[in-house]
Amino acid sequence: MPAKPTGKVKVYRISQRQKNGDIYILERKSIYSPEKKCNLSLGTHLIGVIRKGETEITPTRPKRPSKTKNSQDNVSKDHLAKSAELNKNHQEKNEKCKNEVQSEDSEAQNFLVLAKRNRIGMMKIVDHIGKISGIDDAIYRSTDIGCAQKIISIARYFLCTNGQSISRIENWQYKHPLPYEFGLSENICHDLFHRIGLEESISQNFFIQRSNSIKDKKSIAYDSTTLSTYSKNIIDARYGYNKERNGLKTVKLLTLYSIDNKVPLAFYKQPGNIPDVISIKNALKQLEVIDVENVEIVTDNGYYSASNICEILLSGFNFITLIKNNLKWVRNEIDKNRDKLNSIDAICPFDTAITGTTVKVIHNFYRKEKVEGEENSKKAEVYLHIYYNERKKLDDKDQFYNELCELKKYLEEETVSIDNLEKDDLKKIVKFLDIKEDDKKVVVKYKQEECKKEFMYHGFFVLISNSEGSTFKCLEKYRKREMIESSFKYFKNNVGDKKTHVWSSDTLQGRFFVQFVALCYYEFILNKIDEIKNKLYIKEEGEDDSILKTKLKLKSWLENKSIIDILEWFDTIECVDISSPLKKKRWNTELLKTDKMLLQKLGVELEN
């Protein structure tokens, strides 16, 4: 049988530990309620505290009595009557004053102003660039307006803040007007990345729109970079070749880049352990999707293989690629043309440290994986451009020595495992090192003859092409490919920060896309600034010496500033907008002559 309720108030103590280590002792009163069938709390009050490091309770002081109550008990009835009369008079006066103040406040409210202040300089430039470049229009054509505005806003944030964390966008947008006016938070950005990762059509439609808006796409550079991650949820992250050499898993980002227009066209990601040499097929398919035909694909030697050349030839594309000079048929051509490279006529006109010559060869290229019902080989006449650089010879020799010395030292250690070595290292060991073992230790010696043969090809590099027959035009086109390296450098150091920053594969795809849009902004601004710099030293008709002086001063300033430096410089321009029932006023931060000139050259107008 359950005990019957007694109706008595229970008093008990409880202790609460505080963050500073003190323990509060509380006294709580409760009574059992038969109706609700539970204990009801009647109140809790603090009775003491045990200080940190002590064991005894320090009691708290009792609550002080109310002064007002004590004073009222001692006041006489006559005094209360007088006080009541005085209070009545005070109330009448207060009511009168209150009415007068309210009347004055109502008149003053007519003169209150509404004011706002925004940073407009940098945002006006970026907004103008988005319009004239066609980037914004391509985004709006690729998805709904809400999603498009978010993509543009976050891309501009990445560009203008030099790749700051997305968590800071919430405060940053208060002073910087963005297309998406409803406010962006970290969660909204994450949801957007996830949506873009799931909806591949957004990315592909943007690539197509950008490709269609660009004319004269004669040469396309193709290259890759890696981004590191700690995430265990990104299934694309795998151990492979890590360009940062930080020992982390990586995701590979491959980009197609229009060399002539200096414009990024498309990208796609793949697992970090996929070698560059086997990724050319997807690049060719991506080019077909974005309607790119009859172009020249430019790659480095990481993408060369007979199978890849066969794929490119069968797809109908032209190509220029750096080929390894350790191939037997390539070394045969080098040996045949050594004398030509010593001629003064072979000196490169734009780099006198290099000499070059070109030969035509007919070579068979085979697919590595044969496809039934399709052509699996291609016999083609190609141009083999052979170059020699004396400085490169010294660098190659130093690198060769260092690599062999490291391998020799590694093998001479007591406990080593050859299984940890890469395939290229194993090939070098077999070709250039002689290993002997006895009871005491491992003896490693260099193969002198093989090393001497290798020295003979130091300083040489070879380009192969099926379209470009001019020796130094081919070299010039290949060197233009290096701009994609600077593009990757900006992407990783400024926009991407060398890390993925997200924890799932789909979200990563979406973030890559928004960062790619920011890269498009960056490249267009960079090209526009370069175009302006190249014209600033020219004195146009009707210009006086003072204008030319300002132009030269602007050119000198631009030469020493990066794109982010220029944008941050103009971020100091603020617009103050004040309005009242009687008048409206607006003003902007004052500008220097050089600032006005650059904005004019860019085509940016600031409203006054």
Side-chain angles (χ1 to χ4, degrees), residues 123 126-160 166 169 173 177-184 187-217 220 222 236 253-258 261-270 282-293 295 487 491 495-496 500-502 504-525 527:
M123 303 316 295
V126 177
D127 185 65
H128 178 70
I129 291 299
K131 291 175 181 176
I132 65 173
S133 65
I135 297 171
D136 290 359
D137 184 60
I139 292 291
Y140 283 118
R141 289 173 179 269
S142 302
T143 183
D144 61 85
I145 187 168
C147 181
Q149 288 177 342
K150 290 177 186 177
I151 292 170
I152 293 170
S153 299
I154 300 171
R156 290 182 183 182
Y157 170 76
F158 282 143
L159 172 70
C160 297
I166 202 70
I169 194 172
Q173 64 191 325
L178 293 172
Y180 189 73
E181 298 177 345
F182 300 103
L184 292 165
N187 289 336
I188 291 174
C189 296
H190 182 274
D191 292 341
L192 176 70
F193 296 155
H194 189 65
R195 176 188 170 182
I196 297 171
L198 294 176
E199 297 182 26
E200 181 64 22
S201 58
I202 296 175
S203 303
Q204 294 301 328
N205 284 327
F206 176 75
F207 299 155
I208 293 170
Q209 293 292 334
R210 289 295 292 149
S211 177
N212 292 339
S213 66
I214 299 168
K215 298 178 181 179
D216 301 325
K217 301 182 288 291
I220 303 294
Y222 179 61
D236 299 307
L253 185 69
L254 300 108
T255 304
L256 292 164
Y257 199 99
S258 176
N261 310 94
K262 301 179 182 179
V263 174
L265 290 177
F267 80 93
Y268 63 95
K269 68 176 175 65
Q270 63 179 201
N282 289 339
L284 298 175
K285 292 176 183 177
Q286 181 70 73
L287 287 172
E288 292 176 6
V289 168
I290 62 177
D291 298 326
V292 174
E293 297 177 349
V295 297
S487 179
F491 184 91
V495 179
T500 59
H501 292 284
V502 294
S504 69
S505 185
D506 292 328
T507 311
L508 178 62
Q509 175 71 21
R511 183 182 173 99
F512 274 170
F513 175 73
V514 178
Q515 290 174 339
F516 184 80
V517 176
L519 180 63
C520 292
Y521 279 128
Y522 173 83
E523 292 294 342
F524 191 90
I525 297 175
N527 297 336

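The aromatic rings of Phe182 and Tyr180 sit perpendicular, their planes meeting at an angle over 60°, well past the 30° parallel limit. Using cut-offs of 30° and 60° on the angle between ring planes, the pair Phe512 and Phe267 is perpendicular.
Contact between Ala283 and Leu256 at its shortest, heavy atoms only, is O-CD1, 4.2 Å. Looking at every heavy atom in both residues, Lys269 comes nearest to Ser505 through NZ-OG, 3.1 Å. Nearest heavy atom pair, residue Ala518 against residue Ala155, reads CB-O, 3.5 Å. Closest non-hydrogen pair, Cys189 versus Ile169, comes out as SG-CG2, 4.2 Å. Residues Gln509 and Ser203 come closest through the heavy atom pair NE2-OG, 4.4 Å.
A distance of 9.0 Å separates OG1 in Thr507 from CG in Asp191, rounded to the nearest 0.5 Å. Rounding to the nearest 0.5 Å places CD1 of Ile202 at 7.5 Å from CG of Leu192. Rounded to the nearest 0.5 angstrom, Ile196 CD1 and Ile151 CD1 are separated by 4.0 Å. Between atom CG of residue Leu184 and atom OG of residue Ser153 there is a gap of 5.5 Å, rounded to the nearest 0.5 Å. Put simply, CD on Gln209 and OG on Ser142 are 5.5 Å apart, with the number rounded to the nearest 0.5 Å. For the atom pair CD1 of Ile525 and NE2 of His128, the computed distance is 10.5 Å after rounding to the nearest 0.5 Å.
Between Phe516 and the options Tyr268, Phe207, Tyr521, a ring-ring contact (aromatic ring centres under 6.0 Å, His included) holds for only Phe207. Each of Asn261, Ile132, Val263, Leu519 was scored for a side-chain contact (heavy atoms from CB on, under 4.5 Å) with Phe524, with one residue passing: Ile132. Screening Arg141, Lys131, Arg156 for a side-chain hydrogen bond (donor to acceptor under 3.5 Å, both in side chains) involving Asp136 leaves a single residue, Arg156.
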**Request:** Kindly determine whether Arg195 and Thr143 satisfy side chain to side chain contact (heavy atoms under 4.5 Å, CB included), including the steps that lead there.
**Result:** CA-CA 11 Å; Arg195 176 188 170 182; Thr143 183; 3.8 Å; yes
**Request:** Evaluate side chain to side chain contact (heavy atoms under 4.5 Å, CB included) for Tyr140 paired with Ile152, printing each intermediate quantity in order.
**Result:** CA-CA 9 Å; Tyr140 283 118; Ile152 293 170; 3.7 Å; yes
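With hydrogens and angles disregarded, no donor-acceptor distance shorter than 3.5 Å links the side chain of Asp127 to the backbone of Met123. Not a single donor-acceptor pair under 3.5 Å links the side chain of Glu523 to the backbone N or O of Pro264. Between the side chain of Ser211 and the backbone N or O of Ile290, at least one donor-acceptor pair lies under 3.5 Å.
Taking the ring centroids of Phe158 and Tyr522, they lie at or beyond the 6.0 Å cut-off.
A 4.5 Å side-chain heavy-atom check between Ile214 and Leu265 finds at least one atom pair inside the cut-off. Residues Gln204 and Gln286 are in side-chain contact: their nearest non-hydrogen atoms beyond the backbone lie under 4.5 Å apart.
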